[in-house]
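Proteins get letters first, then strands, A, B, ... in listed order; numbering begins at 1 in each.
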Amino acid sequence: MSKTHISANTRAYWQQIWETNNLFTVDDDAADPTYILGMFPFTSGDLHMGHVRNYTIADAYARYRRLQGEEVLQPMGWDAFGLPTENESVANDVDPEFWTEQCIDQMRDSMEKLGFSYDWDRELRTSDPEYYRWTQWLFKRLYEHGLAERAQRRVKWCPEDETALADEQVDDGACWRCGTEVETRELDQWFFELTAYADELLDGLDDLQQWPESVKQRQRNWIGRREGVTVTFETDTGDEIDVFTKRLDRLYGTTYLALAPDHPMSRRLAESDPDIAEFVSTVDRTEGDEFDGMRTGVTAIHPATGAELPVYIGAYVVDDLGTGAVMGTPAHDENDHAFATAHDIEHRVVIEPEEDSTEIPYTGEGELIEGGEYTGVATAEAREQLLADLDAATQHTDYRVRDWCISRQRYWGTPIPVVHCEDCGEVLVPDEELPVELPDFTPETGTSLAAHDEFVETTCPECGRDARRETDTLDTFVDSAWYYLRFISPDEGDQPFDTERASEWLPIDQYVGGDENAVMHLLYLRFFARALADIGLIDTREPVRELLTHGMVLNDGTKMSKSEGNVISPAEYGVATTRLFILGAVTPESDFDWSNHRRTASYTLQKELQRLATEGLDDVQSGERRQVDEHVAERVDSAIRTTTDHYESLDFYDVVRELRSLYSTLSEYEEYTTPHENVFRRGIGALVRMLAPITPYLSEELWSRLGDGLLAEGDRWPEPRREGETDERGQRLVESTREDIRDIHDSVGGIDPDRIRIVVAPAWKYAALETALDAERNIYDTVMDEHGDRQGDEVADYARHLAENRYDLGEELPQAREQQVLERASWLIEKELDAEVTVEAASDAEPALAERARPGKPAISIE
RNA sequence: GCGAGGGUGGCUGAGCCUGGCCAAAAGCGGCGGGCUUAAGACCCGCUCCCGUAGGGGUCCGAGGGUUCGAAUCCCUUCCCUCGCACCA
């Protein structure tokens with residue numbers, strides 16, 4: 001098992017051939033190649049099984065498309081900046097640059113071994129100054145278009161990684177990378193204005209037919225659009241408090257306001273009131289079932305009634321949701337009810353349920369009571385009227401997504417091309433001075449750019465006075481938000497990418513990755529494309545047409561990870577076995593438990609295929625084709641059609657299943673008789689070629705003995721020679737007939753038969769079936785009218801059968817074809833039961849037997 | 001709580017969109033046979049129940065409905081997974 005028949009030499013040989021023939025490189029003047037891309041990896045170590053699965057899927061598809069004669073662009077690059085690399089290199093006491101190179105060399109080597117057909121001429125690395133120069137350039141364009149800004153906002157902060165994080169990068173209150181609980185800090189940070197595209201990003205999901213529903217759903221949730229109303233309350237302190245509500249009809253039920261502990265007004269009040277300060281700093285904001293709160297002494301004015309409402313600070317009010325303040329309607333909201341009850345606040349019922357309801361609080365729709373001039377109005381109607389009538393109420397759409405915080409207080413990233421000047425403020429570094437290069441890493445300065453004096457100290461591009469460089473670097477998700485564009489023209493020196501070519505080559509036709517990136521990378525990618533489109537750099541707003549997200553690779557039910565100690569290295573098995581196993585064991589979308597499946601079957605298939613292709617043709621014959629030869633020839637055709645369909649829909653699991661089945665037909669054929677050379681050669685050739693996307697080395701090796709040229713050259717996909725409509729039906733007929741024969745054979749006690757007779761129904765039954773299928777009313781009568789004069793009782797019996805089973809009737813093969821299919825397949829039965837098998841026409845058989853035959857259901861006699 | 005995706009024969013897991021060819025693929029496991037001194041690997045067959053000629057019964061979480069006909073469509077209900085959530 002540990003040995004593979006594909007030696008390192010063989011691999012190297014074919015790699016060499018492919019490379020010298022430039023088979024995977026795409027010319028810049030290519031017209032719209034099929035763009036297939038696997039999400040590029042972080043450079044934090046060698047490949048792991050998840051990578052192997054990801055890239056094997058993408059590569060199998062790419063190779064398939066190439067075999068179909070298409071030009072395929074499949075590039076690969078490295079997401080080289082970022083914390084994992086920085087942390088690893090610091091831990092290993094080396095320069096991140098050096099560490100990155102090491103990783104890349106190792107990963108590239110593994111990828112080449114695995115036979116991935118990348119256009120290495122387009123390889124890129126985000127930490128390359130020639131790459132991040134353009135990341136900086138694009139940052140500037142966004143800035144100029146008002147889509148990037150520096151602002152003091154409350155952001156998520158990971159104390160472990162010592163950097164700010166984007167909201168997307170916080171998972172259940174913890175840093176997505178290191179799992180440390182994040183804090184919130186008020187910081188001056190850089191943001192991309194993602195929220196400007198919130199609507200479009202959300203609505204655009206509906207058009208992504210070829211994206212997994214789960215990914216779209218997660219993006220929808222994340223964007224979190226809610227339609228509602230903002231109500232402004234004035235206070236006796238002269239402030240205004242905005243609250244967001246979807247239920248303006250509850251306005252008259254408002255008996256208090258509650259602010260989040262982190263609301264600006266809460267914090268301001270805390271400055272002058274020690275009790276509030278104490279409360280705000282100690283209250284637990286994470287415990288949802290605690291309804292801690294504190295009265296502030298501030299009074300707000302109800303905009304409709306003028307009533308005085310107490311203002312509270314409530315632990316249950318979430319700061320970064322809506323406006324961070326709520327209007328409390330205890331009688332009609334669960335949380336308000338709990339809070340008001342705990343703090344002894346008045347409950348005011350203003351909505352009467354439509355139907356009897358004992359629900360307290362009542363949160364449904366109904367009719368307003370005690371609602372001033374709106375009393376008696378239905379809730380839905382009241383919302384509209386109140387919105388129209390009240391100046392204090394304005395329609396508002398609230399989103400969950402926030403702007404994308406792109407500042408990272410770390411060394412190993414793209415420097416933000418900005419200089420801070422005391423007089424000029426923040427000034428962009430001129431294009432001609434890009435890239436702003438990272439200073440050399442030194443252990444003393446560690447992981448902060450701010451410690452590099454020679455980097456920080458500069459002059460203002462505008463006034464020439466002393467100034468300081470921005471020391472934050474960009475979130476690596478910015479690097480990866482546009483990498484697919486750089487692949488289009490990786491050597492372009494005047495612009496980040498060739499815009500004309502981009503408009504031709506985009507979008508990415510097939511993107512393959514893990515779904516853990518659903519609301520990070522994939523959302524940023526979609527945002528960035530839109531921003532660039534509005535800037536006028538590309539015209540493809542939706543960058544990915546079809547997305548495949550594969551499941552996890554597990555070992556014994558748990559995720560493979562170094563800490564679990566259950567990692568299986570890609571090198572542990574041969575390339576062909578690994579690729580075949582990965583694709584053939586489960587569908588790409590489902591989780592894949594390595595230990596649950598047997599690798600040996602994959603190994604055996606390749607071994608057997610190899611034998612077939614190298615020795616199978618030693619003993620063949622030519623000349624007239626026999627029935628068995630025709631049967632195999634047809635089976636080859638149908639396998640080609642089926643396999644092609646499966647590849648088209650990326651169902652590699654079904655591909656492997658079908659090819660196994662074709663293999664088994666070919667090997668039975670060989671066992672049964674001396675195969676016909678043409679038929680056998682074609683079958684083996686088709687099998688070798690159709691397996692090539694999965695086992696590229698093996699197939700290339702075998703094809704070199706069987707056919708012309710190189711498979712990697714493309715356009716070598718086998719063509720079926722026959723039309724397929726009757727084939728599937730024929731295969732089903734053969735299968736059902738074989739099953740019937742086995743049934744009968746078993747039920748008579750499994751005695752060895754000498755002879756098996758298969759009798760095909762007489763022609764008139766086929767005609768009668770046609771009549772029955774076309775009959776508009778009484779089937780029995782119609783059939784009797786048209787066929788009854790010929791065969792007497794027999795017709796009546798069959799007509800009755802047709803009438804009784806009228807709903808089960810379907811098209812069957814024509815008589816001649818049915819007979820042909822059965823004759824061609826009779827060898828299978830002969831081989832299985834070791835008996836003479838004949839296929840007869842009804843007219844040649846005794847009436848008692850012939851009578852039992854129907855179209856699609858031949859009569860059988862075991863003797 | 002909201003939303004999405006699911007619940008299929010001992011297990012894993014296709015089929016469901018486009019109802020009939022579905023007792024329902026495939027793999028695993030199990031049983032029998034072959035190969036073999038033996039084991040492993042490999043090959044063949046069987047693997048819901050009944051049946052001595054291709055038949056019958058029951059079946060795709062549960063209940064109901066539509067239909068000549070439902071694993072597939074509709075409704076109700078229970079359970080699982082995931083995402084979001086003190087959602088105002």
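- Remark: P of B/C84 and CD of A/Q219 are 12 Å apart, rounded to the nearest angstrom.
- Using a 4.0 Å cut-off between a side-chain N of Lys or Arg and a carboxylate O of Asp or Glu, A/K857 and A/D740 qualify as a salt bridge.
- A ring-centre distance under 6.0 Å is found for A/F244 and A/H396.
- A salt bridge links A/R154 with A/D319: the closest approach of a Lys/Arg side-chain nitrogen to an acidic carboxylate oxygen falls below 4.0 angstrom.
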Taking N or O atoms only and anything under 3.5 Å, show me the protein contacts with nucleotides 45-47 of chain B, one pair per line.
none

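- Taking atom C1' on both nucleotides, B/G55 is separated from B/U66 by 31 Å, rounded to a whole Å.
- Residue A/V317 is in base contact, counting any heavy-atom pair closer than 4.0 Å across all strands shown.
- If you take atom C1' in B/C75 and the same atom in B/G30, they sit 41 Å apart, rounded to whole Å.
- Following rounding to the nearest Å, A/D591 (CG) and B/A14 (P) show an atom-to-atom distance of 11 Å.
- A/E671 has a carboxylate O that lies under 4.0 Å from a charged side-chain N of A/K831, or vice versa, which qualifies the two as a salt bridge.
- On the C1' atoms, B/G9 is 13 Å away from B/C22, given to the nearest whole Å.
- With rounding to whole Å, A/I756 atom CD1 is found 16 Å from B/A53 atom P.
- Listed nucleotides: B/G83, B/A53, B/A88. Nearest to the side chain of A/I744: B/A53.
- Taking atom P in both B/C35 and B/G40, the straight-line distance is 16 Å, to the nearest Å.
- A salt bridge between A/D199 and A/R225 is present, with a side-chain N of the basic residue lying under 4.0 Å from a carboxylate O of the acidic one.
- Of the charged side-chain nitrogens involved, at least one lies within less than 4.0 Å of a carboxylate oxygen, so that A/R757 and A/E846 count as a salt-bridged pair.
- B/C78 sits 15 Å from B/G63 when the P atoms are compared, rounded to a whole Å.
- Ranking B/G5, B/A25, B/G54 by closeness to the A/K857 side chain, first place goes to B/G54.
- Counting heavy atoms from C-beta on, the side chains of A/V317 and A/L259 never come closer than 4.5 Å.
- In this structure, the nucleotide among B/G3, B/A53, B/C86 sitting nearest to the side chain of A/Q217 is B/G3.
- The distance between atom CZ of A/R400 and atom P of B/G3, rounded to the nearest whole Å, is 17 Å.
- For the residue pair A/E365 / A/T379, a side-chain donor-acceptor distance below 3.5 Å is found, with atom types taken as modelled.
- Of the candidate nucleotides B/G3, B/G54, B/C86, B/G54 has the atom nearest to the side chain of A/D740.
- The nearest heavy atom of RNA chain B to A/V519 and to A/R226 marks one nucleotide each, and the one closer to the 5' end goes with A/V519.
- By the 4.5 Å heavy-atom criterion applied to side chains, A/W222 and A/E168 are counted as neighbours.
- In the set B/A88, B/G54, B/A53, the nucleotide with an atom closest to the side chain of A/S861 is B/A53.
- Within 4.0 Å of A/P858, counting heavy atoms only, lies at least one base atom of the nucleic acid.
- Of the candidate nucleotides B/A88, B/C86, B/G54, B/A88 has the atom lying nearest to any side-chain atom of A/T245.
- Counting heavy atoms from C-beta on, the side chains of A/D292 and A/F279 come closer than 4.5 Å.
- A/D515 has its CG atom 18 Å from the P atom of B/A4, to the nearest Å.
- Heavy atoms only, all atoms of each residue included: A/I741 and A/I862 are closest at O-CD1, 3.8 Å.
- For the pair A/R657 CZ and B/A25 P, the computed distance is 10 Å after rounding to whole Å.
- Annotation: B/A62 and B/C86 have their P atoms spaced 37 Å apart (nearest Å).
- To the nearest whole angstrom, the two C1' atoms, one in B/C59 and one in B/U8, are 10 Å apart.
- The listed nucleotides are B/A88, B/A4, B/A53; the one nearest the side chain of A/K246 is B/A88.
- We find that CG of A/D654 is positioned 15 Å from P of B/G13, with the value rounded to whole Å.
- Checking B/G3, B/A88, B/C86 against the side-chain heavy atoms of A/F291 singles out B/C86 as nearest.
- In this structure, A/K156 pairs ionically with A/D320, as a charged nitrogen and a carboxylate oxygen lie closer than 4.0 Å.
- For the pair A/L251 CG and B/A88 P, the interatomic distance rounds to 16 Å; values are reported in whole Å.
- The side chain of A/R218 places no N or O atom within less than 4.0 Å of a non-bridging phosphate oxygen (OP1 or OP2) of B/G5.
- B/C21 and B/G69 have their P atoms separated by 15 Å, given to the nearest Å.
- Closest to the A/A315 side chain, of the nucleotides B/C86, B/A53, B/C84, is B/C86.
- Residue A/I862 has its side chain nearest to B/A53 when only B/C86, B/A14, B/A53 are considered.
- Residue A/T329 places none of its side-chain N or O atoms closer than 4.0 Å to OP1 or OP2 of B/A88.
- With the 3.5 Å cutoff on both pairing distances, Watson-Crick and G-U pairs in RNA chain B assemble into runs of at least 3 at B:1-7 with B:78-84, B:10-12 with B:26-28, B:29-34 with B:42-47, B:48-50 with B:55-57, B:61-65 with B:73-77.
- A/R852 comes within contact range of at least one nucleobase, with a heavy-atom separation under 4.0 Å.
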